[in-house]
Amino acid sequence: MKSEKAKGRRKFMKNTIMASFSSIVGMPIVFGSNMPKELLPIGFFDGSLPPDLIGKSNLLTVLNDRPVNAEAAAHLLDDDLTPNDMFFVRNNGIPPVNVDVNKWSLTIEGESAKQSKTYTLQELKTKFKQYTLNLTLECGGNGRSEFNPPAKGNQWSTGAVGCAAWTGVRLADVLRDVGIKSNAVYIGYYGEDTHLSGDAKKNTISRGVPINKAMEEESMIAWSMNGKDIPLLNGYPLRLVFGGYPASCSGKWLSKIVIRDRVHDGQKMKGKSYRVPCKPVAPGAKVKDEDMCIIEKMPVKSLITYPKTGATIKSTEKLPIRGHAWTSADSISKVEYSIDFGGSWHPCELKNAKNRYAWQRFSAKIPFPEEGYYEVWARATDSNGDRQPIILPGWNPKGYLNNASHRIAIKVI
Ligand SMILES: Nc1nc2c(c(=O)[nH]1)N[C@H]1C(S)=C(S)[C@@H](COP(=O)(O)O)O[C@H]1N2
Ligand SMILES: [Mo]
């Protein structure tokens, strides 16, 4: 028989757990005392998601749950701005727990900083001018699953991309407030997530961007996504956002930025991480680390978000299609579609972006000559004249930068 003391302790534990459940669900769990202790409230995780995916849609495809990596299928990314719960998650470690926004601060330091300075979140919000920009984030490994020979790592399909309205301050304004020495070359970030090993001394990831990218007017330190707090999994309460560069540069749970007099040498800046062969190599080739170059600008790309692949349409009707196109250049200049496996291309309608590095909406109404199976392909060209390839671009050891045309299947009956 259990002692009264042990029973009391269990009851205390249960009440504490119930209180934290209630705070996450956002209201009291009325019959909580009846709830078997093995159960997690289903409202925690939208039905089918593991509790680690709090705040995310249960329609996401979970590629990995430790660390969490999840993406949305192409047709789920149809909104002009990607809803917070549909935005992909790419974690290298474990997000911080019990974030206290009132205590959150950001320190700027480094060899090329004129001083070391710490700002509370509140100071960032009041001291600097605020901006809201639509910025596209795409993981350098988006589309990795198509490479052959296969590349190790999360097997992203097409969904490690999203475009949200980010609110925050310009990184340049904050860096200038601290003072930048003339020998500055790069900035690096540090976040408050924990290494999978649990070792507090190890960084999960600490990447960055060249100083000229950091100083662009679209480079942001953001605390809000689509008018709401950034979801915990996407970096709550503070993150960097760099459109046009691999999303790995956009540090989440941001607590420190270093201004460096050399290329930042933090975790995942070296070896094969986020680097590609400086010169093209044959598929499957072994590449020496010294022949690998850091990925900077992301290539032009597009995604068909309507209809869903496999859709059926009557031969008497025109098929409406739409999607998004994005680039690290100033803008997308055209998007075309093909229904004859690239034999001929036809222009899509294209909307202007709200600002640089926002994705741009394209659409078309497609007539089909007769009944049968078709594929709709889309390809974008940007203002630099760069165009998406139809087949897989250069193989590389870690499967980065796949910007091949997106294809959907259509049955015409
Ligand atoms: N602190 C921290 N920042 C991070 C990461 C991380 O694991 N920890 N992952 C990076 C990578 S590889 C990507 S692709 C983006 C993903 O951002 P998202 O999860 O908000 O979509 O965050 C980047 N910033
Ligand atoms: Mo990434």
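As the structure is a prediction and not an experimental result, all values here were calculated from the model. One-based numbering, in listed order, for ligands and for the atoms of each.
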*Verify the neighbour count for atom OH of Tyr373: are there more than 12 heavy atoms of other residues, nucleotides or ligands below 6.0 Å?*
yes
*Where is the tightest heavy-atom contact between Met215 and Ile180, given as atom of each residue plus distance?*
CE-CD1, 3.5 Å
May I have the N/O to N/O pairs between ligand 1 and the protein that fall below 3.5 Å, each with atom names and distance to one decimal?
| from | atom 1 | to | atom 2 | distance (Å) |
| --- | --- | --- | --- | --- |
| ligand 1 | 1 (N) | Asp193 | OD1 | 3.1 |
| ligand 1 | 1 (N) | Asp193 | OD2 | 3.3 |
| ligand 1 | 1 (N) | Lys252 | O | 3.1 |
| ligand 1 | 3 (N) | Lys252 | N | 2.9 |
| ligand 1 | 7 (O) | Asn92 | N | 2.7 |
| ligand 1 | 7 (O) | Asn92 | ND2 | 2.8 |
| ligand 1 | 8 (N) | Asp193 | OD2 | 2.6 |
| ligand 1 | 9 (N) | Arg90 | O | 3.2 |
| ligand 1 | 9 (N) | Asn92 | ND2 | 3.2 |
| ligand 1 | 17 (O) | Arg239 | NH2 | 3.3 |
| ligand 1 | 19 (O) | Arg90 | N | 2.9 |
| ligand 1 | 19 (O) | Lys252 | NZ | 2.5 |
| ligand 1 | 20 (O) | Asn234 | ND2 | 2.8 |
| ligand 1 | 20 (O) | Arg239 | NH1 | 2.6 |
| ligand 1 | 21 (O) | Phe88 | O | 2.7 |
| ligand 1 | 24 (N) | Ser250 | O | 3.0 |

*Ala151: what forms a side-chain contact (heavy atoms from CB on, under 4.5 Å) with it, not counting sequence neighbours?*
Arg144
*Taking the six-membered ring for Trp, are Phe128 and Tyr119 ring centroids under 6.0 Å apart?*
yes
*asked:* Does any part of the side chain of Cys139, heavy atoms only, come nearer than 4.5 Å to the side chain of Phe88, both counted from C-beta?
replied: yes
*Are side-chain N/O atoms of His264 and Ser206 paired as donor and acceptor at under 3.5 Å?*
yes
